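Everything on this sheet refers to the single structure shown next.
Worth saying up front: this structure is predicted, and the values here are computed from it rather than measured.
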Amino acid sequence: MIIQFLYIDMLKLPVPEAIYTDVVSEPSEEQVAMVEALGKRAEIVRKGSVDSSVDNMLKITSDGRKLGLDQRIINPAFPDDPESKVNLCVGNILQMWQGGEADKLTQLVFCDVSTPQAAVKAKATALDPHSGIAKPFTVYEDIRSKLIAQVVPPEQIAFIHDANSEAKKKELFGKVRSGQIRVLLGSTAKMGAGTNVQDRLVAIHDLDCPWRPGDLAQRKGRIERQGNQNEKVHVFRYVTEGTFDAYLWQTVENKQKFISQIMSSKNPVRSCED
């Protein structure tokens with residue numbers, strides 16, 4: 001039996017040209033202070049001065065990832081930094097939305113942290129001044145409310161998490177392809193493989209960095225795809241300097257370089273750069 005491997009660079013499919021943009025946000029005073037606190041926690045864990053059930057490196061890196069996304073995930077009482085990467089993302093979404101209004105061009109926002117589902121389990125909550133009921137903070141709701149405040153119609157914004165059945169997903173994807181829904185937010189797991197909405201897709205926003213290079217490939221595979229009517233598309237990647245963000249992006253990039261040396265139709269190699 002002969003097995004043939006078909007590599008992406010052999011297919012030469014007609015896909016749009018992708019323009020990559022790194023959007024860098026300066027950390028706020030609160031983020032700087034909390035990064036320092038995370039470092040102290042890590043030092044205590046390394047010394048074995050705390051039981052692993054109380055604190056460990058997994059918890060620290062998880063908190064670091066949340067902090068790099070938005071400080072209000074850690075503590076909703078923290079101020080909304082106008083220069084945070086979430087707010088920079090909102091600005092870019094709005095700009096692309098306005099520029100693509102005539103052709104009903106669409107966008108995807110990828111965020112694996114602070115999802116609507118995570119909000120249900122969130123321990124840190126903010127008090128809703130209207131009802132007096134504790135209301136969890138999520139980046140998803142924050143982005144949606146800010147876009148609506150900037151005149152984006154609510155019916156043009158959707159969360160992939162609201163489509164909790166195959167029938168609802170099919171209907172949702174159809175609305176994105178037709179341009180009825182122009183901004184779709186979701187996680188890599190829910191909006192990766194099988195999400196065929198490329199027809200009018202002009203931009204994707206990587207608001208956070210996934211753990212695996214394969215997840216990043218799934219994200220860009222939504223827009224660098226045959227059937228996209230746009231000749232040029234945009235991939236925005238957001239990072240908060242001085243936080244866990246930079247480390248995670250660098251780690252994933254190094255992993256991807258290693259994998260790319262092997263998964264290529266070019267002359268095979270028996271060794272790869274470290």
Rounded to the nearest 0.5 Å, what's the gap from NZ on Lys85 to OG1 on Thr240? Could you check?
-> 4.5 Å

Student check: side-chain heavy atoms of Trp211 and Val252 closer than 4.5 Å | no

Which atom names give the shortest non-hydrogen contact between His161 and Lys190, and what distance separates them?
-> CD2-CD, 3.5 Å

Any donor-acceptor pair under 3.5 Å linking the side chain of Asn87 with the backbone of Asp81?
-> yes

Compare all side-chain heavy atoms of Ile44 with those of Asp55 and state whether any distance is below 4.5 angstrom.
-> no

Summary of side chain to side chain donor-acceptor pair (under 3.5 Å) pairs that have at least one residue in residues 104-113, sequence neighbours excluded | Gln107-His205, Asp112-Thr188, Asp112-Arg219

From CA spacing to verdict: side chain to side chain contact (heavy atoms under 4.5 Å, CB included), Arg65, Leu248 | CA-CA 9 Å; Arg65 198 173 179 216; Leu248 190 54; 3.8 Å; yes

Nearest heavy-atom pair of Asp245 and Tyr238: which atoms, and what distance?
-> OD2-O, 4.2 Å

Is Glu43 salt-bridged to Lys40, cutoff N-O under 4.0 Å?
-> no

Do Leu105 and Gln229 come close enough that some side-chain heavy atom pair is under 4.5 Å?
-> yes

Any ion pair linking Lys168 and Glu171 (charged N to carboxylate O, less than 4.0 Å)?
-> no

Ring geometry between Phe236 and His234 (parallel below 30°, tilted from 30 to 60°, perpendicular above 60°) | parallel

Side chain proximity check, Val50 to Val45, heavy atoms < 4.5 angstrom | yes

Are Leu58 and Ser62 close enough that some pair of their side-chain heavy atoms sits under 4.5 Å apart?
-> no

Phe78: what forms a ring-ring contact (aromatic ring centres under 6.0 Å, His included) with it, not counting sequence neighbours?
-> none

When clusters are formed by joining ILVMFWY residues with side-chain heavy atoms under 4.5 Å apart, either directly or through shared neighbours, do Val23 and Ile19 land in the same one?
-> no

Do Met34 and Ile74 come close enough that some side-chain heavy atom pair is under 4.5 Å?
-> yes

Does the pair Asp80 and Arg72 meet the rule for a salt bridge (charged side-chain N to carboxylate O under 4.0 Å, His left out), with working shown?
-> CA-CA 7 Å; Asp80 180 8; Arg72 291 169 296 166; 3.4 Å; yes

Identify which one of Asp22, Asp206, Asp208 satisfies the salt bridge (charged side-chain N to carboxylate O under 4.0 Å, His left out) criterion when paired with Arg237.
-> Asp206

Verdict with supporting geometry, Gln150 and Trp97, side-chain hydrogen bond (donor to acceptor under 3.5 Å, both in side chains) = CA-CA 11 Å; Gln150 295 288 339; Trp97 177 83; over 6 Å; no

Would Ser28 and Gln71 count as having a side-chain donor-acceptor pair, cut-off 3.5 Å?
-> yes

If you measure from OG on Ser165 to NZ on Lys170, what distance do you get to the nearest 0.5 Å?
-> 11.5 Å

Can you tell if the side chain of Cys111 reaches within under 4.5 Å of the side chain of Leu69, non-hydrogen atoms only?
-> yes

In the hydrophobic cluster built from side-chain contacts under 4.5 Å, what are the other members alongside Phe110?
-> Tyr20, Leu108, Ile160, Leu172, Phe173, Val176, Ile181, Leu184, Met191, Val197, Leu201, Ile204, Ile223, Val233, Val235

